[in-house]
Amino acid sequence: MGRRKISVIGAGFVGATAAHWAAEKELGDVALVDILEGIPQGKALDLFEASPIEGFDAKVIGSNGYDETKNSDVVIVTSGVPRKPGMSREDLLETNKKIIESVVLQVVQRSPNAILIMVTNPLDTMTYLAYKRSGLPKQRVIGMAGILDTARFKAFIAMELGVSVEDIQALILGGHGDEMVPLPRYTTVSGIPLSQLLPKETIDRLVDRTRKGGGEIVNLLKTGSAFYAPSAAAIQMTEAILKDKKRILPCCVYLEGEYGLKDICFGVPVKLGEKGAEKVVELDLTEEEKKLVAKSAESVKKSIAELKI
Ligand code: APR
């Protein structure tokens with residue numbers, strides 16, 4: 001049995017770091033693609049040259065074309081421009097729309113059986129565009145956002161309580177924007193409800209910081225956006241798929257009635273396995289939570305309408 005194949009489109013901060021995690025975890029061989037001449041080749045060679053030191057066996061190839069991506073099992077799409085301070089994710093729509101349309105067609109021609117993991121922002125809208133343009137079944141076009149948003153919430157809770165990040169379980173629904181819906185009611189520390197460990201005002205503060213978590217990094221970096229946590233999240237999804245782990249993780253998928261939403265890509269808990277997003281898990285929500293979900297869905301719908309497709 002040969003190795004699995006992961007292609008990463010976009011060899012910038014998120015893409016190159018995703019390639020790094022994938023190779024180091026020996027999830028498969030990696031093809032890194034970018035339009036910039038020399039960049040994917042140089043980063044791929046540099047990463048492969050790290051393998052004798054770190055002790056991983058994975059081929060890493062860089063290219064400006066798509067032939068090297070042929071027959072990929074998973075394709076992670078990170079190509080596109082990132083945010084700068086003062087920009088919202090929506091400000092990226094026009095530029096990234098063109099990039100995603102061309103990339104998705106090239107990818108699917110060569111890897112018709114692949115599962116696409118979308119990372120480019122505005123995330124929910126780009127996932128919708130990729131789903132519509134790729135012609136792939138909805139289970140195989142999945143956006144990365146919920147794991148990242150949830151990881152930020154978990155990190156802030158761990159910092160506040162001074163406990164291990166490993167003991168925190170949390171869940172966030174909705175679009176990957178400031179209107180995402182963190183669910184403190186479904187958040188526990190080793191099974192202990194968060195509400196028993198922190199006062200409401202503190203939880204509200206952490207929720208607010210989570211909602212603006214991407215912007216916090218953009219304001220610090222000034223020249224780009226987050227990349228360690230986003231790439232780690234995309235790789236957690238890749239691993240769940242390639243190892244058929246059936247993990248329950250929040251991801252952005254095309255909905256056809258779940259949560260009362262239709263014709264939208266939106267963040268919900270899904271079962272991730274070898275077939276992709278194998279099942280959407282529906283939760284019982286309070287009236288207040290339903291209102292927040294509706295508000296988040298409204299802003300995603302507005303963004304999708306901007307695509308004019
Ligand atoms: N095909 C392939 N690669 C492309 C294309 C294209 N048509 N257009 C742009 N790229 C490449 C750029 O050359 C660049 O190397 O995509 C890469 C993007 O990398 P960065 O600018 O470093 O951006 P990054 O921080 O990696 O973010 C990428 O992920 O989190 C999101 O909002 C973020 O949309 C952004 C994306």
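For ligands, and for the atoms within them, numbers begin at 1 and follow the listed sequence. Numbering starts at 1 and runs along the sequence shown.
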Return the residue, atom name and 0.1 Å-rounded distance of the protein heavy atom closest to atom 30 (O) of ligand 1. Asn121 ND2, 3.7 Å
What is the closest protein heavy atom to atom 31 (C) of ligand 1, and at what distance does it sit? Val119 O, 3.6 Å
When you measure from the side chain of Thr187 to the backbone of Leu183, do you find a donor-acceptor pair of N or O atoms at a distance under 3.5 Å? yes
Please list, in number order, the atoms of ligand 1 under 4.0 Å from a heavy atom of Val103. 1 (N)
Checking the N or O distance criterion of under 3.5 Å, is ligand 1 in contact with Phe227? no
With a 4.0 Å heavy-atom cut-off (strictly under), which part of Asp34 contacts ligand 1: side chain, backbone, both or neither? both
Does a salt bridge link Arg152 with Glu216, judged by any charged N lying under 4.0 Å from a carboxylate O? no
Could you check atom 7 (N) of ligand 1 against the protein and tell me its nearest heavy-atom contact, residue, atom and distance included? Ile99 CG2, 3.6 Å
Name the closest protein heavy atom to atom 26 (O) of ligand 1, giving the residue it belongs to and the distance to 0.1 Å. Val14 N, 2.8 Å
Please report the shortest heavy-atom distance between Tyr259 and Val281, naming the atom on each side. OH-O, 2.8 Å
Under 3.5 Å, side chain of Asp167 to main-chain N/O of Ser190, donor-acceptor pair present? no
Mind listing the closest non-hydrogen atom pair of Ile115 and Glu274 along with its distance? CD1-O, 3.4 Å
Out of Thr78, Thr95, Ile35, whose heavy atom sits nearest atom 6 (C) of ligand 1? Ile35
Which residue and heavy atom of the protein sit nearest atom 22 (O) of ligand 1, plus the separation: Phe13 N, 2.9 Å
Would you mind finding which of Pro82, Pro40, Gly12, Ala16 brings a heavy atom closest to atom 21 (O) of ligand 1? Pro82
Pull out every atom of ligand 1 sitting under 4.0 Å from any heavy atom of Asn96, numbered as shown with elements. 34 (O)
How does Val81 reach ligand 1, by side chain, by backbone, by both or by neither, if only non-hydrogen atoms under 4.0 Å count? backbone
What I'd like to find out is whether the side chain of Glu258 reaches to under 4.5 Å of the side chain of Val253, using heavy atoms alone. no
Logged contact type for Ser79 with ligand 1, heavy-atom cut-off 4.0 Å, is both
Donor-acceptor contact present, side-chain Asp73 to main-chain Lys5, <3.5 Å: yes
Taking everything shown except Gln169 itself, do over 12 heavy atoms lie less than 6.0 Å from its CD? no
Please report which non-hydrogen protein atom sits nearest to atom 18 (C) of ligand 1, along with the residue it belongs to and the distance in Å to one decimal place. Gly80 O, 3.2 Å
So, for Asp124 and His176, which heavy atoms are closest and what is the spacing to 0.1 Å? OD2-N, 2.8 Å
